Structures are given as structure tokens and as C-alpha cells.
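Below is one structure, written out as C-alpha cells, with a few remarks after it.
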Protein chains: 2
Amino acid sequence: MHVTLQDVARQAGVSTKTVSRVVNNQGEISAATRQRVQQAIEQLGYRPNFLARSLVSQRSSTLGVVASGLGYFGPSSTLTGIEQRTFELGYSLLFSLLPHSDETNVFPILDSFVARRVDGIIWAVSEIGNNRTWIQPEALQGLPPVVFLTMEPKPGLSVVTVDNRTGAMRAAQHLVDLGKRRIAVITGPLAWWESRERLAGFKEVMQKANLEVLPAQVVEGDWTATSGRRCMLELLEQYPQVEAVVAGNDQMALGALGIAHQSGLKVPDDVAFVGFDNVPDSPCFWPPLTTVEQHLFEVGAVSVQMLHNLIATRQDDMVELASEVRLLQTDLIIRESTIGMPADKVVRPVEQDSFKIQPPK
Amino acid sequence: MHVTLQDVARQAGVSTKTVSRVVNNQGEISAATRQRVQQAIEQLGYRPNFLARSLVSQRSSTLGVVASGLGYFGPSSTLTGIEQRTFELGYSLLFSLLPHSDETNVFPILDSFVARRVDGIIWAVSEIGNNRTWIQPEALQGLPPVVFLTMEPKPGLSVVTVDNRTGAMRAAQHLVDLGKRRIAVITGPLAWWESRERLAGFKEVMQKANLEVLPAQVVEGDWTATSGRRCMLELLEQYPQVEAVVAGNDQMALGALGIAHQSGLKVPDDVAFVGFDNVPDSPCFWPPLTTVEQHLFEVGAVSVQMLHNLIATRQDDMVELASEVRLLQTDLIIRESTIGMPADKVVRPVEQDSFKIQPPK
DNA sequence: TTGTAGGCGTTATCAA
DNA sequence: TTGATAACGCCTACAA
């Protein structure tokens, strides 16, 4: 069916090895034969078979990625970053999605990756409930190098994640600095590690500012704008003195904003709002939303780079120093929902954990 | 490095072929040997190598997908649908992203798919400018079956797309039915086929209603909310009598809504708005947005099913009847931005081009 | 500079 | 019911 090296070799009147050398640009070859071989390749429309190459070379130049929740801006950005860097480094990408559920059995997915002999795996699913209990030495044993995204760093694992706690602290501190005292929070689902981190950051700032956090000030949403509406209604009911709201993401902030409008509250004078994510629409919310930007595209790119290094290391010497952690910082984007006048100022702090994407080798 | 069939065979004291039969559940095998083989598999931790299997069986059980613009809800939904159906049908998915640019050379991506011997390809990139000129018989020659998404159906190609024209007609007709006469349109970039289709649908309704469409009534955005703001400002400048706006997507509608608020216009009494996409946030816009829902998850799922059938067909007999077209209908979701009162009614028409996802064989 | 032999891990063919 | 042998398409080692 397909044209093979043999066919080309026969056509060009040389050996298969010579054709192989031409295809892979290796070894010294006389200009004449190279010419002849290339002509034969063109003529026959030869396309190399990576499966056969992978079989003998024991590497597939393919990475596997497991993602989730592409309907949201964050995961999509991360995936885009992953794909781009993967391509730049010369890999292909096997792609799998996981439902947002504890129940899902991850092993079929891992098996399909192993069966296709991926050189490495990126686990781009948020830490939710106990959906990480599968991460055990025995399970990792049979796998190529893995980089985990968005989880509490654990010894022995390579992790790339956003500093959610500090991000939330920036949001809360901003409100405190503006003189707000009665600050409420709409969290994401607390089964999510990210949500708990953000809540912890919020509480830390409140404590330092000697501000109480009553149970009535904390409500739990599910990331959707609709849940933001519900949460804001609850807040107005159980904590009517609220002066500001920190939302776990921009969607919930949007929903909460809607309720504020319906209730005739002035934003930000009566109630100020801060979101999290800086989705592309957030500058066009009504009013434009102050929010915390995560650099998720970079999270994706960095994780691929880390995986690439891991793969190279494992091949060179068998020493396994897989435990590396990258914590990416956030930016506070200040807009009208907190300061009430046209502004789009970026407050970028000194980077504590700065990073660079390393150039391909 | 890895445990192979041979290792298992040796351990169990049988031939490799016998092990192969056990692994693939084929042929008759005595319970005793099966037992022994399975034990050896467990013991050694054997994982089959799909690369080797693909090499000999001439099929990789892998599909390739080329997508674009995951930052938007639509493409992400489509990709999610593709992934899910792909997994259900027992394939793996090789994933590639294309920048939104005419210039991009698609052949390296196609080559990487062919090199890995994907069984089929889904081209999930919108038709923009002349980014489809590569689709020529010669280029298609060397490829496995391909299904194209979101493009003008062409003879000889398999296409799955949303009926954008009819969708836009629903939106426009809804406004006409509400008694609006001076209706403007904010289009997506007109280099996109989808944008032109939606504009054509809009114009068709206007014509039937004996309503003029002046050049001043049509402005071109770039899908972003920010461009929606700019376009709405232009409209208010050059067509101040505007009573309603049809936007090319929900993001631009959001931006336009913001300008309406800033200008003190009442929605929908002064100006009504309709979007396109039904993004999850749209019920929480201010006011909630009437919009046209595309079933993009289904577009993805249907395209995979079509591809699967194509692959099966090509293998059975060599007859190539690749030209199939599926046109999926839209739903109009009516909300406050047009009717000004709490409502969330779905108008679902009789399906002209109904479809079912066929069960896996 | 070029060629030969052997093997990567699996499945198909044909015997036993 | 099982097994030996030959592919699948490519690359590495070693010669020539």
C-alpha cells in the first residue's frame, strides 16, 4: 500500500541504508547519490513510517496529555500552551479528556498512552476530591516521566502550578487598601484544591488586617455564572452589610454583578468586585472587572519544557531526579469594578519565582 | 526495557502466538493455557505495544484532529465532542493546533499525521481567507479519509457544519417579529465563511420583510468583546436610529451591550440585542442575552462518526464515496435582551436535517 | 561513501 | 488447540 524505503532504494539503485541516511540527514553521502535518492523519493511519493522508526529507536516523539473542562478559558489556555511548545520541540501530542468526576478510571487512558509508547505525559487535570489517589509509586512505575499541573506539590513529583494563594491575597489586599472592611468571598467548589488555596489566601489577608471572617461571608459556587448569581443572592440575604466580593473566577463575578444591578447596588461604591482568571470578556463586563490573571498559557508551555528535560535526563543517565516544582505568579488587573473610573492598570510585582522557557536543544 | 510477548511466552511455556491470542481474545484456547498465560502477564506486568501491532496490522486506531482558536467556546465544544466520540469508538487522538492565519503551512502537520499512520483526519479549522486552498486532489491523495468542519460543502469532500445562514435568519426574524425595523448587524470578520453566511441570512430576512440594509447598518468586528464595543460606537455614530442589533457572536454582543449602557439606552426597549453561540455566560449578561445556539459538541461527535464510517468503508471495498454532508440546525434561545422580561424559552423548529449518532458497530 | 545482516514487538499463514 | 516462520518498515552495527 504505502511506499517503503525498499521501494525507494530499488528505484534509485542503492541500498535501503543509503536512503535512510538521506532521509535522516546523517552520514556523508555523495551529492550524486543524494540527488538520485531524493528524486526517487519525490517520484514515488515516499512518506516515512514513524511507527516503524519508533519501534526500533524506542522513542515515539509523542507526548500524551490528559486535560479536562475545556469549556472554561483556563484549561483551554493551558492546552494551547502545551500544544504549541510540544510542536516546537518536535513532538506530536496524544490528547485525552477526563470528565470532572472522582469516579473516572484513569488507567484505560494511561494504558492507551503506554501502549503507544509516549515519551512523557502531562496530567493537566485539576486536583478535585480524591481524583489523585491513583498517583502511587506502583502506578507511576510503568509510566514514562509525568508532569502534573495544578496540584499541591508532593515530593517525588514534577509539578507546575499557579500560585493561587498569593493571587487571592493580591485580590483581597487590593480591596483592603481601598478601605473596604466587610469583604465576602464566593469560592469555587471547595473540593477543588485551587478553590481552597484561594480561600486560604483571602483569609490570610483578612486576618492580617484584623478583619473577621464570619461563616456568613463565605459562600460556595460551582464556577458557573449562574452559581455566581445564586451566591450573591445568598450573600445579600445573610450578610447584607457586604462592601466587597472576591469571586473565585470571572464567571461567578459576572453572575454576582448581575444580581448587584438587579438589586440597585452601585458598583463599586456600594459593592466592589474582584474576579479571578482575566477572561478575554472581563474588560467588557459591566462594569469592567478587576481580576487576577493567571498565566496559564505559560503553565502549559513550561510543563512541556520540564517534561522534555525529564525525558532527556532519563535517557542520558538513569538517575531519577523527577521532583521539580514551578510556581508561577499572577498579576492583578485593576479595572472599574473596584476603582470606579476608566483604568486598566497592571500591577506586576517583583517576580519571586521567575522563570524562563528554555530554548530547545 | 519493556516486557514483550516473547518474555510472557517463555514464562508461560507457550508460543508467542498463543499469548497473542489470549491478549486479543481470538481463537479457541484451552482454559488451562489461558490461565497460565494470564498469570504470566500479570506477573511480568506485560503491556502490549501498539506501535508494533499497528506496523503489521496496517491500522493505528488513531485519528488526527487539527483545531484552532480554543480560546473561544465554540472550538472548545467541538473538540470536546470529537474527543469523546473518538474515545467511545476505541481510537486515540493526535491533536494539533493551527494559528488563525492564512500563511500557515499545513503540510508539516499533515505529514506528521501520515508519518504516524493515523486512520483518519478531522479538519476542525474554520474556513478563513484562502486557508483551504491546500485542499486539492493531489494533496488529498496521500491522506487517509478526511472530514472537514465548518466549510462550504464541496463535491468530493465530507463536511459537517452548522447551518449558519438559517441560524442568522432565526435571529433576524425574531427581531422583525417583535416589530423592530431598523436592525443593524455586527458581523464577525468577513474573511470567515461563517460570518458571510450569517450576514447573508440576515440580509435575506431583511429583504423578505421589505427592510432596507444600508451600508451604515453593517459593521465588521473581530469576534472579541472589545471589537463589539467599537462596532456599537460606530453604529451609534453612523446609524443612530438603530432599534436592534444582531451580533455575530455573544462576545461582541456583550461589548455592544456595554456601550448601550454607557449611552443610557434601555435594553431592549431602545435597542434589542441578539447574539450567536449561547456561551454559558450569556444567561448572566446584563440583561440576559437572546442568542442562537449551535450544537457544536454534536458537530464534533457527528464528524467522528462519519470519519469512522469512511474508514470502515474504505477498507471493505475500495469504492470511494467520500462525499457526505451533514448540516446541523440551530436553536433560538430567547432571553431578556429582546423581550425584556424573565424568560428562557427555547424555540426548536421541526428538524429538516435531523440526524442521529449511529451506534458503534 | 556505501552495503549487509539482524532485530525492534507484534500478527498472519500455514502446519502439526 | 497450539506452534514455527515470515512478514510489517525502519535503524544500528559492522563490514567493505
Side-chain angles (χ1 to χ4, degrees), chain A residues 1-38 40-41 44-62 111-119 142 315, chain B residues 1-38 40-41 44-62 111-119 142 315:
Chain A
M1 181 84 182
H2 271 117
V3 180
T4 75
L5 269 189
Q6 287 237 27
D7 300 329
V8 177
R10 196 158 28 233
Q11 170 92 356
V14 296
S15 76
T16 61
K17 181 59 212 177
T18 303
V19 180
S20 170
R21 277 195 262 256
V22 171
V23 171
N24 297 306
N25 267 334
Q26 60 184 212
E28 313 277 300
I29 295 188
S30 76
T33 30
R34 154 166 284 131
Q35 181 86 22
R36 212 148 26 98
V37 170
Q38 237 140 18
I41 288 177
L44 269 46
Y46 168 72
R47 323 286 286 272
N49 184 333
F50 269 46
L51 300 182
R53 177 183 298 178
S54 303
L55 189 58
V56 45
S57 68
Q58 300 285 39
R59 54 195 313 274
S60 61
S61 295
T62 302
D111 282 345
S112 98
F113 283 169
V114 171
R116 286 173 175 80
R117 296 299 189 263
V118 296
D119 295 333
Q315 280 186 341
Chain B
M1 181 84 183
H2 270 119
V3 180
T4 74
L5 269 189
Q6 288 237 26
D7 300 329
V8 177
R10 195 158 27 232
Q11 171 91 359
V14 296
S15 76
T16 60
K17 181 60 206 174
T18 303
V19 180
S20 171
R21 278 194 261 255
V22 171
V23 171
N24 298 303
N25 266 333
Q26 59 184 211
E28 314 278 299
I29 295 188
S30 76
T33 30
R34 153 165 286 131
Q35 181 84 23
R36 210 145 30 96
V37 169
Q38 238 140 16
I41 288 177
L44 269 45
Y46 167 73
R47 323 286 284 273
N49 184 334
F50 271 44
L51 301 182
R53 176 182 299 178
S54 302
L55 188 59
V56 45
S57 68
Q58 301 284 42
R59 54 195 313 276
S60 62
S61 295
T62 302
D111 281 346
S112 98
F113 282 169
V114 171
R116 287 175 175 79
R117 298 296 188 265
V118 297
D119 295 334
Q315 280 187 340

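The structure displayed is predicted, hence computed values, not measured ones. The chains referred to below are lettered A, B, ... by the order of the sequence lines, with proteins before strands, and numbering in each begins at 1. Side chains included, hydrogens not; waters and symmetry mates left out as well; all remaining heavy atoms used.
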Self-check item: Pairwise salt bridge (charged side-chain N to carboxylate O under 4.0 Å, His left out) hits with a residue in residues 5-15 of chain B, at least two apart
Solution: Asp7(B)-Arg10(B)

Quiz item: In degrees rounded to 10°, what angle is found between the helical axes fit to the five outermost pairs at each end of the helix from dT1(C)-dA16(D) to dA16(C)-dT1(D)?
Solution: 30°

Practice problem: Starting at atom CG of Asn25(A), determine the distance to atom C1' of dC11(D), rounded to an integer number of angstrom. | Solution: 16 Å

Self-check item: Main-chain N/O of Thr16(A) paired with Ser20(A) side-chain donor or acceptor, under 3.5 Å
Solution: no

Quiz item: Taking atom P of dG9(C) as reference, at what distance in whole Å does atom CG of Leu55(B) sit?
Solution: 12 Å

Practice problem: Please list all pairs passing the salt bridge (charged side-chain N to carboxylate O under 4.0 Å, His left out) test where one or both residues lie in residues 44-56 of chain A, with sequence neighbours left out. | Solution: Arg47(A)-Asp111(B)

Exercise. May I ask you to evaluate whether Ser20(A) reaches the phosphate of dC10(D), defined as a side-chain N or O under 4.0 Å from OP1 or OP2?
Key: no

Quiz item: Reckon Leu5(B) touches a base, only the sugar-phosphate, or nothing at all at heavy-atom distances under 4.0 Å?
Solution: base

Quiz item: Between dC11(D), dT10(C), dC10(D), which nucleotide gets closest to the side-chain atoms of Tyr46(B)?
Solution: dT10(C)

Self-check item: Nucleotide-resolved protein contact map, nucleotides 2-7 of chain D, B/S/- at heavy-atom distance under 4.0 Å
Solution: BBB---

Self-check item: side chain to side chain donor-acceptor pair (under 3.5 Å) involving Arg117(B) - partner list, sequence neighbours excluded
Solution: His2(A)

Self-check item: By side chain to side chain contact (heavy atoms under 4.5 Å, CB included) - contacts of Thr62(A) (at least two apart)
Solution: Ser60(A), Ser92(A), Leu94(A), Val118(A), Leu94(B), Arg116(B)

Quiz item: So, the side chain of Asp119(A) versus the backbone of Ser61(A): is there a donor-acceptor pair under 3.5 Å, distance only?
Solution: yes

Exercise. Go through the structure and list residues passing side chain to side chain contact (heavy atoms under 4.5 Å, CB included) with Ala12(A), not counting sequence neighbours.
Key: Val14(A), Val37(A), Ala40(A)

Practice problem: Please list, chain by chain and in numerical order, all residues satisfying side chain to side chain donor-acceptor pair (under 3.5 Å) with Ser112(B), sequence neighbours excluded. | Solution: none

Quiz item: Under 4.0 Å between a side-chain N or O of Asn24(A) and OP1 or OP2 of dC11(D)?
Solution: yes

Quiz item: Does OP1 or OP2 of dG9(D) have a side-chain N or O of Gln58(B) closer than 4.0 Å?
Solution: yes

